[in-house]
Amino acid sequence: MCGVIAIFSRNPVNQLLYDGLTVLQHRGQDAAGIVTYDDDRLYLQKDNGLVRDVFHTRHMQNLQGHIGIGHVRYPTAGYESKEEAQPFYVNSPYGITLAHNGNLTNAESLKQDLFREDLRHINTDSDSEVLLNVFAHELQQLRKYRINEEDVFAAVRGVHQRCRGSYAVVGIIAGYGIVAFRDPYGIRPLAYGQRDTSTGKEYIVTSESAAIGVLGFELVRDVGPGEAIFISLEGQLHTCPCFENPQHSPCIFEIVYLARPDSIIDGISVYKARMRMGKALAKKILKTYPTHDIDVVIPVPDTSRTAALQLATVLKVKYREGFVKNRYIPRTFIMPGQGLRKKSVRQKLNPIDLEFRNKNVLLVDDSIVRGTTSQQIIQLARDSGAKKVYFASASPPIRYPNVYGIDMPSAHELLAHNLTVEEVCEAIGADWLIYQDLDELIACARKGNKNLKQFDTSCFTGQYVTGDIDQAYLERVANQRNDDSKTQHRNKQVEVIDLHTVA
């Protein structure tokens, strides 16, 4: 899960990109980067940290130009090293910089092909650098001194033929303009908008529509699966489907957890979908526990608030805010290391005792991943005086790794992987636990866009839409990306000088 943005403006674009990345900050707090283009030069600033920490006044002044791209990152295929912050850059052909949200499932074989056949060197562990070099090679194969939008689309077609997995991409081709494209399954989100100014149209392409509205653009539509967009330096926008028979399968976990509630993902209002999830979950509770003794419904902030409020309304039970959140602690399920996650839960949430004391409390969360947060929150409720603590998950049990860009790499790190609902309930210490049914979750999402035939639900079902995932791959990814592996990698990191970074 990362956030990407690209903007064509008639004025300096640096502030727009900065503001857009702050809107996307929830998609990654590990690193941030911006590249702008002006007068045949690319200007880059990237580093580890939040947007506000990476970009200072001197950096913003150096980020010149009226087109640019940006990225916020949290690590999945790579690690938390500075050299893997995005965007990435290659100088041949033309000079290309690229930012990527997603995960290539055939990155290792592509890396070997790039070295042996394409004669290209990969300097990091990031699959985004692999993707950039594949795109650059496809452009280079055209062997043209000057290119146009059709050449760019031909290169994207080549990427689709070679790359597997999920990718929502924005990039700049020096001397030509902005390119953006989405994988043939449309797993990770990408949308574009526009606005009219006195000097002409301006365009934005980004991971979530919330950034489009906040920056004063109007949402046009989502980028289709397998589709590419090219915006020339003069501001001409071109679109092209670059893959025959795409199978639109957006990640349903975007709706459950990742996306902002004010975003529209593939035509689906995230806010309304979460309301429907709360309603469906309430109906299941009424069916399973018709004589429940719930006194109060309390959400685990922030993502579950929308579902919890609707759930309380249907149950005709009081809704209360029972936790105060420290907003300076990152999302715990994506934090590197179980020990750090455990430590941060109590730092992140502080209970309001009077909302728990002598009450039967139903806690509502969007999901249960590793179970660390759920277990400690339930204990917080008991320590605050709750008589009974029930727990409801707005999504089904997460039992399988996600290989498309969400940090769920190892099955044994997922609490529900080999456990029944009753066993999960016991593990987190709840009096009873109820999960959303998968069919209901899909129905809640599809109601927003009935043209969608399927979603990527692999973390619930173990069925991977790209069709190239086997047990050997899952074991290899688990060994590379589990908590122990990340800890060892961090301990061995060395400083790498980035020659492209703005001083």
Side-chain angles (χ1 to χ4, degrees), residues 1-9 13-14 16-21 23-24 27-28 31-37 42-46 51 63 65-73 85-90 94-102 104 126-129 131-136 139 149 152-153 155-156 159-160 163 166-174 176-183 186-194 202-212 215 217 219-233 235 237-240 242 405:
M1 179 185 73
C2 298
V4 300
I5 187 170
I7 297 177
F8 169 89
S9 178
V13 77
N14 51 359
L16 281 173
L17 289 167
Y18 177 95
D19 293 342
L21 290 183
V23 178
L24 300 174
R27 300 188 66 87
I34 289 176
V35 173
T36 59
Y37 176 78
L42 291 165
Y43 299 87
L44 167 64
Q45 166 62 16
K46 63 178 182 176
V51 174
L63 291 170
H66 69 278
I67 71 169
I69 64 173
H71 186 269
V72 288
R73 175 182 185 268
Q86 296 186 42
F88 284 111
Y89 167 79
V90 291
Y94 316 114
I96 305 171
T97 183
L98 178 146
H100 161 224
N101 173 32
L104 298 186
S126 175
D127 61 331
S128 302
E129 189 186 10
L131 180 58
L132 167 60
N133 277 273
V134 171
F135 178 66
L139 268 182
E149 65 275 8
V152 174
F153 296 147
V156 174
V159 171
H160 290 332
C163 294
S166 63
Y167 46 94
V169 174
V170 295
I172 296 173
I173 305 172
Y176 296 95
I178 291 172
V179 61
F181 54 93
R182 196 175 180 194
D183 71 76
I187 297 172
R188 300 264 72 85
L190 196 65
Y192 78 95
Q194 65 182 34
E202 297 182 337
Y203 297 98
I204 180 172
V205 186
T206 187
S207 295
E208 293 191 32
S209 66
I212 295 175
L215 297 184
F217 292 79
L219 174 65
V220 175
R221 62 176 175 84
D222 296 281
V223 178
E227 185 180 22
I229 289 176
F230 179 71
I231 306 167
S232 71
L233 294 179
L237 182 140
H238 308 269
T239 67
C240 180
C242 295

- Task: Step by step, work out the side-chain contact (heavy atoms from CB on, under 4.5 Å) result for Leu233 and Tyr37.
- Result: CA-CA 10 Å; Leu233 294 179; Tyr37 176 78; 4.0 Å; yes
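- In this structure, the separation between CD on Glu227 and SG on Cys242 is 8.0 Å, given to the nearest 0.5 Å.
- Of all heavy-atom pairs spanning Arg27 and Glu208, the tightest one is NH1-OE2, 2.7 Å.
- The structure places CG of Leu98 at 5.5 Å from CG of Leu131, a figure rounded to the nearest 0.5 Å.
- Here the straight-line distance linking atom OH of Tyr94 with atom CD1 of Ile173 works out to 8.5 Å at 0.5 Å rounding.
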- Query: So Leu132 and Gln86, side-chain contact (heavy atoms from CB on, under 4.5 Å) or not? Walk me through it.
  - Reply: CA-CA 11 Å; Leu132 167 60; Gln86 296 186 42; over 6 Å; no
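- Considering every non-hydrogen atom in both Phe8 and Ser232, the closest pair reads CE1-O, 3.7 Å.
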- Which is it for Tyr167 and Val159 under the side-chain contact (heavy atoms from CB on, under 4.5 Å) test, yes or no, and what are the steps along the way? CA-CA 10 Å; Tyr167 46 94; Val159 171; 4.2 Å; yes
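- Scored by the side chain to side chain contact (heavy atoms under 4.5 Å, CB included) test, Ser9 finds Ile7, Asn11, Val13, Leu16, Glu202 as partners (sequence neighbours excluded).
- A side-chain donor-acceptor contact under 3.5 Å links Arg182 to the backbone of Val223.
- Between the side chain of His71 and the backbone N or O of Ala85 there is no donor-acceptor pair closer than 3.5 Å.
- Using the six-membered ring where Trp is involved, Phe135 and Phe181 have ring planes that are tilted, between 30° and 60° apart.
- Taking CD of Glu149 as the start and SG of Cys240 as the end, the distance is 9.5 Å to the nearest 0.5 Å.
- Side chain of Glu129 to backbone of Phe88: no donor-acceptor contact under 3.5 angstrom is found.
- Under the 4.5 Å side-chain criterion, counting only non-hydrogen atoms from C-beta, Tyr43 is not in contact with Asn14.
- Annotation: His160 is not in aromatic contact with Phe153 [ring centroid separation under 6.0 Å not met].
- Residues Ile172 and Val35 share a closest heavy-atom pair of CD1-O, 3.9 Å.
- The shortest non-hydrogen separation linking Ala180 to Val170 is CB-CG1, 4.1 Å.
- Contact detail for Ile5 and Gly20: the closest heavy-atom pair is CD1-CA, 3.8 Å.
- Of all heavy-atom pairs between Val72 and Gly28, the closest is CB-O, 3.6 Å.
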- Message: Let's go through Leu215 and Ile204 carefully: what are the C-alpha distance in whole Å and the side-chain angles of both, what is the deciding distance for side-chain contact (heavy atoms from CB on, under 4.5 Å) to 0.1 Å, and is it a yes or a no?
- Response: CA-CA 9 Å; Leu215 297 184; Ile204 180 172; 3.7 Å; yes
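- Within the 4.5 Å cutoff, no side-chain heavy atoms of Ile34 are placed close to those of Gln45.
- Between the OG atom in Ser207 and the CD1 atom in Ile212 there is a gap of 10.0 Å [rounded to 0.5 Å].
- A donor-acceptor pair under 3.5 Å is formed between the side chain of Thr206 and the backbone N or O of Val4.
- Side chain of Asn101 to main chain of Ala168: no donor-acceptor pair is present (N/O by atom type, distance under 3.5 Å, no hydrogens or angles).
- Judged by distance alone, the side chain of Lys46 and the main-chain N or O of Ala31 form no donor-acceptor pair under 3.5 Å.
- Between atom CD1 of residue Ile96 and atom OH of residue Tyr176 there is a gap of 10.5 Å, rounded to the nearest 0.5 Å.
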